[in-house]
Amino acid sequence: MSNAGKVILITGAGSGMGQLAARNFAGQGAKVAALDISDAGLAKTAENQPNIRTWKVDITDYAAVCQAVKEAESQLGPIDRVFNCAAIMPFGKLIEQDVGLQRKIMDINWGGLVNIANATLPAMKARGKGDFVSFASVAGLIPTLLTGAYSASKAAVVFYNETLYHENLGSGIRFASVCPPAVATPLLEQGKSAWPKMIDTEGAPINPQTVLDAIETALDKGQFEVFPTSRARIGAFMRRMMPKAIWKQVHKVEGW
Ligand SMILES: NC(=O)c1ccc[n+]([C@@H]2O[C@H](COP(=O)([O-])OP(=O)(O)OC[C@H]3O[C@@H](n4cnc5c(N)ncnc54)[C@H](O)[C@@H]3O)[C@@H](O)[C@H]2O)c1
């Protein structure tokens, strides 16, 4: 489906997959509202791209999110599509990881999604159309050692997405819950201080464009769950069927 002329709001648009999506959509003739907390990231996203407008917003601030959505709609028009990409991913052993940081991970990764959903979905519902795409993660389906706080936040995103989808069946809004394995973006740097060996057994991080292509295919097919690789889909299935065996493998790989 063509995105020309569409109004697309993206959080986490200052880096990685949000940035790539913003520039792709703008290149296709969409009008993009790019939200991020990083000025430098937003400037790079909008470089030489007249179809991208930027808003510096902390996604955890509901009043600021509502204001940005209001301004984006008045400047660009009603929002046709939302991409929820903003997240952070510090890793660490749970009882050693700073309590404030663990709560912040939940506040940004899940709380930010709650803020955007409440700020954008009522208008989409009233219009009876729109796309609402939210990035969860394989980590939200398969917990491992050292990723506990991030996995918990992404598990919250998985269930939140699923409930949103079911509560709005028949609304005309297409929902997608995206569960990628490791993707080659700057996010990975944040996990380097306590990197689980388990992630490396999954092979090299995949290309961000592969994830974006999988989202378009899923939306066109009306599929809610998006697994950009079959390995990610099979891994999630195995974890559901045999969690103890997966944990056994995790301990073996990590060596503790
Ligand atoms: N990269 C991966 O391996 C991977 C794998 C699975 C899922 N994901 C998910 O995909 C999404 C996109 O990830 P990415 O790899 O492109 O990440 P990224 O780190 O490249 O980009 C994330 C962006 O979110 C922004 N952000 C962080 N806190 C914010 C806040 N409080 N308010 C507003 N913006 C904020 C950052 O400034 C950054 O620009 C995330 O939800 C991530 O959890 C990523």
Side-chain angles (χ1 to χ4, degrees), residues 9-24 33-46 54-65 68-69 82-91 101 103-116 119 133-144 147 149-158 160-161 176-192 195-196 198-200 202-212 214-215 225-229 231-233 235-236:
L9 182 140
I10 303 175
T11 74
S15 175
M17 288 183 273
Q19 183 174 67
L20 182 61
R23 292 187 66 84
N24 284 352
L35 277 57
D36 203 288
I37 201 165
S38 161
D39 268 332
L42 286 172
K44 208 166 163 206
T45 302
T54 62
W55 278 265
K56 184 183 179 176
V57 178
D58 180 344
I59 200 81
T60 64
D61 180 342
Y62 185 51
V65 165
V69 167
V82 173
F83 258 48
N84 291 289
C85 302
I88 59 170
M89 193 185 75
F91 289 157
L101 179 59
R103 286 176 178 271
K104 187 176 170 189
I105 293 168
M106 186 62 87
D107 207 16
I108 293 173
N109 297 4
W110 171 73
L113 170 60
V114 173
N115 287 344
I116 290 286
V133 176
S134 305
F135 283 72
S137 171
V138 161
L141 300 166
I142 312 174
T144 58
T147 69
Y150 179 74
S151 286
S153 75
K154 288 297 177 177
V157 169
V158 166
Y160 186 86
N161 287 347
S177 183
V178 189
C179 290
V183 187
T185 73
L187 188 81
L188 298 182
E189 282 306 311
Q190 295 179 33
K192 288 280 163 68
W195 190 254
M198 196 64 198
I199 296 179
D200 294 332
E202 299 299 314
I206 65 171
N207 188 315
Q209 189 61 48
T210 304
V211 181
L212 301 186
I215 294 169
E225 275 186 328
V226 184
F227 288 102
T229 65
R231 196 185 165 101
R233 181 184 296 280

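Remember, it's 1-based here, ligands and their atoms both numbered in the order they're listed. Below, all heavy atoms of this structure are taken into account, side chains as well, without hydrogens, waters or symmetry copies. Because the structure is a prediction, the values reported are computed rather than measured.
The shortest separation from a heavy atom of P186 to ligand 1 is under 4.0 Å, placing the residue in contact.
One distance of note links CG of L42 with CG of L35; it measures 8.0 Å at 0.5 Å rounding. Taking OG of S38 as the start and NZ of K56 as the end, the distance is 8.0 Å to the nearest 0.5 Å. Atoms OG and CE, on S151 and M89 in that order, are 10.0 Å from each other to the nearest 0.5 Å. With values rounded to the nearest 0.5 angstrom, L113 atom CG is found 5.5 Å from N161 atom CG.
At the shortest separation from atom 21 (O) of ligand 1 among protein heavy atoms lies S15 CB, 3.5 Å. Scanning the protein for heavy atoms near atom 32 (N) of ligand 1, the closest one is I59 N, 2.9 Å. Taking atom 22 (C) of ligand 1 as the reference point, the nearest protein heavy-atom neighbour is A87 O, 3.9 Å. Here the protein heavy atom with the shortest distance to atom 9 (C) of ligand 1 is A136 O, 3.8 Å. For atom 38 (C) of ligand 1, the nearest non-hydrogen atom of the protein is D36 OD2, 3.5 Å. Here the heavy atom of the protein found nearest to atom 42 (C) of ligand 1 is Y150 OH, 3.6 Å. Annotation: atom 40 (C) of ligand 1 to nearest protein heavy atom, C85 O, 3.0 Å. Among all non-hydrogen protein atoms, the one lying nearest atom 33 (C) of ligand 1 is V57 O, 3.2 Å.
The closest donor-acceptor contact from the side chain of K154 to the backbone of F135 lies under 3.5 Å. At least one donor-acceptor pair under 3.5 Å links the side chain of T11 to the backbone N or O of C85. At distances below 3.5 Å, at least one donor-acceptor pair connects side-chain atoms of D36 with backbone N or O atoms of A13. Without hydrogens or angle criteria, T229 side chain to A232 main chain gives a donor-acceptor distance under 3.5 Å.
Of all the heavy atoms of P208, none lies under 4.0 Å from any atom of ligand 1, so neither backbone nor side chain is involved. With a 4.0 Å heavy-atom cut-off, ligand 1 is reached by no atom of C179. When heavy-atom distances to ligand 1 are checked against a 4.0 Å cut-off, K154 comes that close only through its side chain, counted from C-beta outward. With a 4.0 Å heavy-atom cut-off, ligand 1 is reached by no atom of V138. Both the backbone and the side chain of L187 come within 4.0 Å of ligand 1, counting heavy atoms alone.
Taking only nitrogen or oxygen atoms, main chain and side chain alike, T185 reaches within less than 3.5 Å of ligand 1. Taking any N or O of V183, backbone or side chain, at least one lies under 3.5 Å from an N or O belonging to ligand 1. Checked by distance only, ligand 1 and S38 stay at 3.5 Å or farther apart across all their nitrogen or oxygen atoms. Considering backbone and side-chain N/O atoms, M17 comes within less than 3.5 Å of an N/O atom of ligand 1.
Those atoms of ligand 1 with a heavy atom of D58 less than 4.0 angstrom away are 30 (C), 31 (N), 32 (N). The distance from ligand 1 to the heavy atoms of L188 drops below 4.0 Å at these ligand atoms: 3 (O). Below 4.0 Å from some heavy atom of I108 lie the following atoms of ligand 1, by number and element: 28 (N), 31 (N). Every atom of ligand 1 with a heavy atom of G14 under 4.0 Å away is listed here by number and element: 39 (O). Those atoms of ligand 1 with a heavy atom of G16 less than 4.0 angstrom away are 16 (O), 20 (O). With ligand atoms numbered from 1 in the order given, ligand 1 contributes 3 (O) to contacts under 4.0 Å with heavy atoms of A182.
Ring geometry for W110 against Y160 counts as perpendicular: the plane angle is over 60°, on a 0 to 90° scale with 30° as the lower cut.
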